[in-house]
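Heavy atoms only: backbone and side chains are in, while hydrogens, waters and symmetry mates are out. Each chain gets a letter, A, B and so on, in the order its sequence line appears, and its residues count up from 1.
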Amino acid sequence: MKDTLRTLVADAIAGATTAGELRLETVPEVELERPRDPSHGDWATNVALKTAKAAGSSPRAVADIIAARIAGHPDVAGVEVAGPGFINLRLSESALRRQVALVREAADDWGCVDLGHGRRVQVEFVSANPVGPLHVGHGRWAALGDSLAAILAHAGWIVEREFYVNDAGVQMDIFAKSVSARYSELCGHSATFEPEWYQGAYITEIAREIYDAEGTCWLDAAPQVREDHFREKAYAQVLAHLRQVLHGMGVDFDVWFSERTLHVVGGDGLTEVQRAIGQLSAQGYVYELDGAVWFRSTDFGDDKDRVLLKADGEYTYFAADIAYHKDKFDRGFDRVINIWGADHHGYVPRMKAAVAALGYPGQLDVVIGQLVTLLRNGEVVRMSKRTGEMVTFEELLDEVGADAARYFFLRRSTDQPLDFDIGLAKEQSSDNPVFYVQYAHARICSILRKAAGLAPDADIDAASAAARLAPAGTSLDALVDPAEFALVRKLAEFPEIVEQAADLLAPHKLPYYAEELAGAFHQFYTLCRVVTDDVALTAARIALVDATRLTLERVLALVGVSAPERM
RNA sequence: GCGCCAUUAGCUCAGCGGAUAGAGCGUCCGGCUACGAACCGGGAGGUCGCAGGUUCGAAUCCUGCAUGGCGCACCA
């Protein structure tokens, strides 16, 4: 609809230019926007303001000329020049009614836009160290990444979700030592426990699982053998647990990428890390200084150069991360999106520098999510794996439920810090906005049950019931009420919302839209009865209600929240 | 010291170059003898942190300042 109008305005300008009414060298880009004030119509354009100077005329005069050529089009009920020279367009009732049919025709594809043109994008998120439970912040990244992936898929991208498993590095060894020490204690032996080791109760739980399954047989094993065993056992348990918790909130990854594989020697005698550094080196971005090997990231806008290979012969985490990103692009992604917490934002310039040096400038986006502060009854809860004084994401999920948790996380813009008060989230669960939206969906299902003559508690296949009650081609001429058209207008916004959310990598647009849509529906519901003796009106309203149901279902799917038939 | 993010109604936040700045919560008033009141309608409530600048037009862009959060490793 927006494109139709854009063309309409552009044609009007072209026509006026040809007829000599306007003197313009080129036809400008027509920007259409939705006026804040609905009394200004459905759409407004500022082309006249933009082109008045070039046309050597006043904005209002230009606007008058363009407006005169638009008036009379069947999709346009009104066109007026307002303010300093805006052209306001009002859609005709027939154009609005047609929108209802378009929604139902599109069904699950409703709201799809084509920003991606079938290109491949990878979204990497959560990527928590596999040495303990997820904390609440991870929940935010999980909700964010999964929704962003869904949005991009709806916007024409081919999407993969990936979890980068940091299973190499010293934190794994500390993890192993921690579990091993707790194991000794379970066997009745005393064990030294260094303060920097992981002290959470979950460490003991992992040790207990090993103890229960394998007994005391590891007490006398050689230290290195024993540590290796505990590391791998504990790692496998944590990873399985991460998978399970994330799956429990509806987040499933296509790829779990192990950092270790980057350090495996290949057929050419080199690891992926070495090959990546080799490539940078061949391009002249690598040098030696003070016994270390450096990447000249300052060539790509970083503040300072960064070490790849330390003087002690170990590769830095950054070196592995470069290899990892090279691997991503080697897998053929046109674009890579990483979701990181704000505590890692200082890492962005060097990573972008590396990706640019590898030959993929501008193809990496990093979404920085501001941190989550966990509160309990107004008191800040410190979160630390080391001290173990934490509320895990799993506990939060159990307390507030996956729907509320995801919605709560997503509703705030990513660059806004989030205070998550556990007590509040639980107390408010009944007037959490997620219920307002879900309630609209449940109400629609209830209407369809009523219209289909089913009992209030009967199960219903809403889509097929609606298709039976108001088949495609049902006349919508009975729709005349302002509340009906207000709802239609809100429905029509959906593709624009998807486009914005995908373009700005801003999933929070969706919950806000969902609430507006639910609001428009609740108003309609209050003013217009759907199931009446008037057969034509009932059918038309069923069609409208069904289009609303479809749209709510789509939005909620993109948010990752269920659309219940009853609640 | 340098950098990133924020600062909008009593509270929590949308809006990010357009026309009289919005929503939810809270508060005050009102609405169920028909499809779910987990709903709807109305009122009160704001120098968009401060000061300059850019332009037809600024909460939105630029500069400086203030306040708060997060960073600034040959850690991962």
Side-chain angles (χ1 to χ4, degrees), chain A residues 31 33 35-37 39-40 44-46 48-50 52-53 58-59 82-86 88 129 131 166 168-172 174 259 289-294 302-321 341-349 368-371 373 411-419 421 424 428-440 442-452 456 483 504 506 508-509 511-513 515-516 518-519 521-533 538 541-542 545 566-567:
Chain A
E31 292 171 40
E33 62 187 30
R36 217 194 311 253
D37 183 344
S39 72
H40 291 144
T45 177
N46 59 357
L49 290 158
K50 292 273 190 195
K53 209 174 260 179
S58 78
F86 290 104
N88 293 334
N129 281 347
V131 296
N166 297 128
V170 295
Q171 83 279 357
M172 295 302 288
I174 294 173
E259 182 185 355
L289 182 71
D290 297 336
V293 174
W294 297 70
D302 196 9
D303 292 339
K304 50 173 292 197
D305 293 340
R306 307 290 172 176
V307 170
L308 300 171
L309 182 59
K310 298 186 271 181
D312 67 3
E314 294 283 323
Y315 287 101
T316 59
Y317 178 81
F318 180 48
D321 224 358
D343 52 345
H344 289 89
H345 77 260
Y347 199 73
V348 175
I368 292 298
Q370 294 298 310
L371 300 179
T373 305
R411 198 169 180 271
R412 197 170 263 62
S413 140
T414 54
D415 43 31
Q416 195 74 237
L418 174 60
D419 286 342
D421 192 309
L424 208 62
Q428 287 191 336
S429 62
S430 67
D431 59 2
N432 186 314
V434 69
F435 291 98
Y436 180 78
V437 176
Q438 289 181 319
Y439 180 56
R443 251 186 168 176
I444 291 172
C445 291
S446 178
I447 293 171
L448 293 175
R449 267 191 290 268
K450 174 87 175 179
L504 301 172
H508 76 275
K509 302 269 180 195
Y512 278 93
Y513 171 70
E515 285 161 46
E516 286 173 13
F521 169 74
H522 287 310
Q523 281 166 37
F524 157 81
Y525 177 90
T526 305
L527 297 170
C528 304
R529 194 180 157 76
V530 176
V531 183
T532 65
D533 296 335
T538 300
R541 285 183 171 169
I542 292 275
V545 150
R566 66 173 72 84
M567 21 197 319

task: Starting at OG1 of A:Thr526, measure out to CZ of A:Phe521 and round the result to the nearest 0.5 Å.
output: 9.0 Å

query: How many angstroms lie between OG1 in A:Thr316 and CG in A:Leu309, if you round to the nearest 0.5 Å?
result: 8.0 Å

Pairwise 5' ranking along RNA chain B for A:Gly169 and A:Glu515, keeping only the more 5' one: A:Glu515

message: Are B:A19 and A:His40 stacked, with the base six-membered ring and the side-chain ring centres under 5.5 Å apart and planes under 30°?
response: yes

task: Look at all strands and tell whether A:Asn88 reaches a base, only sugar-phosphate, or nothing, counting heavy atoms closer than 4.0 Å.
output: base

- prompt: With both distances kept under 3.5 Å, what pairs with B:U27, Watson-Crick or G-U wobble?
  reply: B:G43

- prompt: In Å and rounded to the nearest 0.5 Å, what is the CG to CD1 distance from A:Asp415 to A:Ile368?
  reply: 10.5 Å

- prompt: Roughly how many Å is it from CG in A:Asp421 to C1' in B:C13, rounded to a whole number?
  reply: 16 Å

field: Flag side-chain contact, heavy atom, 4.5 Å: A:Leu504 against A:Lys509
entry: yes

query: Considering only B:C70, B:A76, B:C40, which nucleotide approaches the side chain of A:Gln523 most closely?
result: B:C40

message: Run the side chain to side chain contact (heavy atoms under 4.5 Å, CB included) test on A:Tyr525 and A:Val545 for me, step by step, so that the C-alpha distance in whole Å, both residues' side-chain angles and the decisive distance to 0.1 Å come before the verdict.
response: CA-CA 9 Å; A:Tyr525 177 90; A:Val545 150; over 6 Å; no

Whole-Å gap separating P (B:A76) and CG (A:Asn166): 11 Å

- prompt: Out of B:A19, B:C70, B:A14, which nucleotide sits closest to the side chain of A:Leu371?
  reply: B:C70

- request: May I have the distance from A:Leu49 (atom CG) to B:A58 (atom P), rounded to whole angstrom?
  value: 13 Å

- prompt: Which distance, rounded to the nearest 0.5 Å, do you find between the OG1 of A:Thr45 and the CZ of A:Phe86?
  reply: 9.0 Å

query: What's the CG-C1' distance between A:Leu504 and B:G15, to the nearest Å?
result: 12 Å

message: As a test of reading the structure: which of B:C74, B:G18, B:A76 is closest to the side chain of A:Tyr317, going by heavy atoms?
response: B:A76

- prompt: Using the ring of each side chain (for Trp, its six-membered ring), is A:Tyr512 parallel, tilted or perpendicular to A:His508, with breaks at 30° and 60°?
  reply: perpendicular

field: Separation of the P atoms in B:G17 and B:A34, to the nearest angstrom
entry: 48 Å

- request: Write down the distance separating the C1' atoms in B:U67 and B:C25, rounded off to the nearest Å.
  value: 26 Å

field: Side-chain N,O (A:Lys509) to OP1/OP2 (B:C16) below 4.0 Å
entry: yes

field: Quiz item: A:Asn46 side-chain donor-acceptor pair to B:G18 base, under 3.5 Å
entry: yes

task: Measure across A:His40 and A:Pro35 and return the closest heavy-atom pair with its distance rounded to 0.1 Å.
output: CB-CB, 3.7 Å

message: Strictly by Watson-Crick or wobble contacts shorter than 3.5 Å, is anything paired with B:C70, and which nucleotide is it?
response: B:G3

task: Sticking with atom P, work out how far B:G52 lies from B:G10, rounded to a whole angstrom.
output: 24 Å

Closest nucleotide among B:A19, B:G71, B:C74 to the A:Lys310 side chain: B:C74

message: Rounded to whole Å, how long is the line connecting atom CG of A:Leu418 with atom P of B:C70?
response: 15 Å

- request: Could you give the distance separating B:A21 and B:C16 at their C1' atoms, to the nearest angstrom?
  value: 13 Å

query: Which part of the nucleic acid does A:Phe86 contact within heavy-atom distance under 4.0 Å: base, sugar-phosphate only, or nothing?
result: base

- prompt: Between A:Ala168 and A:Tyr512, who's closer to the 5' end of RNA chain B by nearest nucleotide?
  reply: A:Tyr512

task: Any chance you could lay out the side chain to side chain contact (heavy atoms under 4.5 Å, CB included) test for A:Ile447 and A:Arg541, step after step, and finish with the verdict?
output: CA-CA 11 Å; A:Ile447 293 171; A:Arg541 285 183 171 169; over 6 Å; no

- line: Quick tally for nucleotides 31-38 of chain B: nucleotides whose base has a protein heavy atom under 4.0 Å get B, sugar-phosphate-only ones S, the rest -, giving ---BBBSB

query: Closer than 4.0 Å, any side-chain N/O of A:Ser413 to the OP1 or OP2 of B:A14?
result: yes

Contacts of A:Tyr347 that satisfy ring pair (Phe, Tyr, Trp, His ring centres under 6.0 Å) - sequence neighbours left out: A:Phe318, A:Trp340

message: Under 4.0 Å, heavy atoms only, any strand: does A:Ala342 hit a base, just the sugar-phosphate, or nothing?
response: sugar-phosphate

statement: B/S/- along nucleotides 4-12 of chain B (protein heavy atoms under 4.0 Å) is BSS-----S

- prompt: Which label fits B:C62, syn or anti, where anti is any glycosidic angle not within 90° of 0?
  reply: anti

message: Please report the distance separating the P of B:C4 from the corresponding atom of B:U20, rounded so that it comes out in whole Å.
response: 34 Å

Spacing of NZ belonging to A:Lys450 relative to CD1 belonging to A:Ile542, to within rounding of 0.5 Å: 12.0 Å

task: Starting at atom CG of A:Leu289, determine the distance to atom P of B:C74, rounded to an integer number of angstrom.
output: 11 Å

Gap between atoms NZ and C1', on A:Lys304 and B:A73 respectively (whole Å): 7 Å

query: At under 4.0 Å between heavy atoms, what does A:His344 touch on the DNA or RNA strands: base, sugar-phosphate, or nothing?
result: base

query: In whole Å, what is the span from the CG atom of A:Asp321 to the P atom of B:A73?
result: 17 Å

message: Could you tell me how far B:U8 sits from B:A14 if I compare only their P atoms? Round to whole Å.
response: 11 Å

- prompt: Which heavy atom of A:Ala48 sits nearest a heavy atom of A:Pro59, and at what distance?
  reply: CB-O, 3.4 Å

- prompt: Across all strands shown, which nucleotide pairs with B:G64 by Watson-Crick or G-U wobble geometry, both distances under 3.5 Å?
  reply: B:C50

Mate of B:C13 where both pairing distances stay under 3.5 Å, Watson-Crick or G-U: B:G22

- request: For A:Ala44, answer base if it contacts any base atom (sugar-phosphate contacts may also be present), sugar-phosphate if it contacts only those atoms, and nothing otherwise; contact means non-hydrogen atoms under 4.0 Å.
  value: base

- line: Between the CG atom in A:Asp343 and the CD atom in A:Gln370, the distance rounded to the nearest 0.5 Å is 9.5 Å

G-U wobble or Watson-Crick pairing nucleotide for B:G36 (cut-off 3.5 Å, both distances): none

- prompt: Given the P atoms of B:G71 and B:C29, what is the spacing between them in whole Å?
  reply: 48 Å

message: Between B:C48 and B:C39, how many Å separate the two P atoms, rounded to a whole number?
response: 33 Å

